[in-house]
There are 2 protein chains.
Amino acid sequence: MTATQASTAGKIVAAAERRMRESGFHGFSFRDIAADVGIKSASVHHHFPTKEDLGAAVAEAYTKRLIDALGDPNDPQRTPEALIALYVDVYRQGVQKGRQTCLGGMIACELTSLPNEVGRGGAVFFERSLSWLEAVLRRKPPTAEPEAVQAQALRLLALLQGAALIAKGLHRKDAFDLAVKSILE
Amino acid sequence: MTATQASTAGKIVAAAERRMRESGFHGFSFRDIAADVGIKSASVHHHFPTKEDLGAAVAEAYTKRLIDALGDPNDPQRTPEALIALYVDVYRQGVQKGRQTCLGGMIACELTSLPNEVGRGGAVFFERSLSWLEAVLRRKPPTAEPEAVQAQALRLLALLQGAALIAKGLHRKDAFDLAVKSILE
DNA sequence: GTCTATAATTTGATAGAC
DNA sequence: GTCTATCAAATTATAGAC
């Protein structure tokens, strides 16, 4: 049950996602979200009773949107290389759009202080992302020394997570491209 | 001016570092730190008047400790490969010791909601880390297609950051080793 | 579904005694 | 340097009118 962007619930989730990715789960309040959307904090609670509910909804919507945007990893119309480039571009957009790092990375960072359902949402995000990457990588012709597909997917995801983090921490968007350019070669 | 571990100020910084790396800057309070050290929150304020002061002190101590532990990147007694392995081990220890990710990554994650001096401390950490890595990589014999040392260092740091994050988010410590094993080959 | 009003708690921070 | 006591503000969350 993912709210559309047009509904109030959808606007709330969108605002909360942006805030979470910029500032972390504890870096925004119900009042912040209410102000973003143009309503009062009590109305936010009407749609998402607790902050745990809101955080879990954000994680679920974020994961679904990513997987939907990526599409079928086995689509014969698209080469594995093109699919990988598409995946890299998702992260690049977050970096370019303004200091938004991956929601999964943010959840992992603050994990110990997060409500259970939010942490679970982050784990699901990583699992789905890795499954998609593994499916794509399985299509590539095996190299001379075939690295386990699982390890390749982990390495790819880790590189993107870290590159986005460094670019944000250093205020250097070009650091992202420098770090990940080897992927596309 | 870095407090020793034995002093109260040192214990406060150590406790704050652990909490920041596990839970984020907004994931702990002065009262939490006071309880960890065995004093009252007013006493914590005596050593670090504001949370910004405390966060900046943690970042500075963390950076200094890492660089000190790594030592001279041009030490002829140690090969570049051994130095890289040492660097990887620093991150592995954080993962193994229990869900502690890199402080620099955590600061980058929450950047927008952090006090200025804390954010600056995170940037300094990344700069110092990259400088050390670049110095080590400059010693390696250039490969056929010489990748820029700067890009190599960024890629290495990003991979470690991301691998630690994924391991924490998935509760899978083995994910870290799988993701970074290619570095050591 | 949104609002006003407010409860209950926590937080960063200060004053002042010892 | 540590304590007790307390403040002012912010936070999550709820009750009830419209």
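First the proteins, then the strands, lettered A, B, ... as listed; each starts at 1.
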*Under the ring-ring contact (aromatic ring centres under 6.0 Å, His included) test, residues paired with Phe28(B) that sit two or more places apart*: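 Partners of Phe28(B) by the ring-ring contact (aromatic ring centres under 6.0 Å, His included) criterion come out as none, since no residue qualifies.
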*asked:* List the residues meeting ring-ring contact (aromatic ring centres under 6.0 Å, His included) with Phe176(B), not counting sequence neighbours, and say none if there are none.
replied: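 Scan of Phe176(B) (ring-ring contact (aromatic ring centres under 6.0 Å, His included), adjacent residues dropped) gives none.
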*Base-contact (B) and sugar-phosphate-only (S) positions in nucleotides 2-18 of chain D, heavy-atom cut-off under 4.0 Å, - elsewhere*: BBB-B----BBBB----
Please output the side-chain donor-acceptor pairs of residues 103-117 of chain A that fall under 3.5 Å, not counting sequence neighbours, one pair per line with the distance.
residue, atom, partner, partner atom, Å
Glu110(A), OE1, Phe25(A), N, 2.8
Thr112(A), OG1, Glu22(B), O, 3.0
Ser113(A), OG, His26(A), NE2, 3.0
Ser113(A), OG, Glu110(A), O, 3.0
Ser113(A), OG, Ser23(B), O, 2.9

*salt bridge (Lys or Arg N to Asp or Glu O under 4.0 Å) with Glu52(A): which residues, sequence neighbours excluded?*
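With sequence neighbours excluded, Glu52(A) shows a salt bridge (Lys or Arg N to Asp or Glu O under 4.0 Å) to no residue whatsoever.
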*Which residues satisfy the salt bridge (Lys or Arg N to Asp or Glu O under 4.0 Å) test with Asp32(A), sequence neighbours excluded?*
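Partners of Asp32(A) under the salt bridge (Lys or Arg N to Asp or Glu O under 4.0 Å) test: none.
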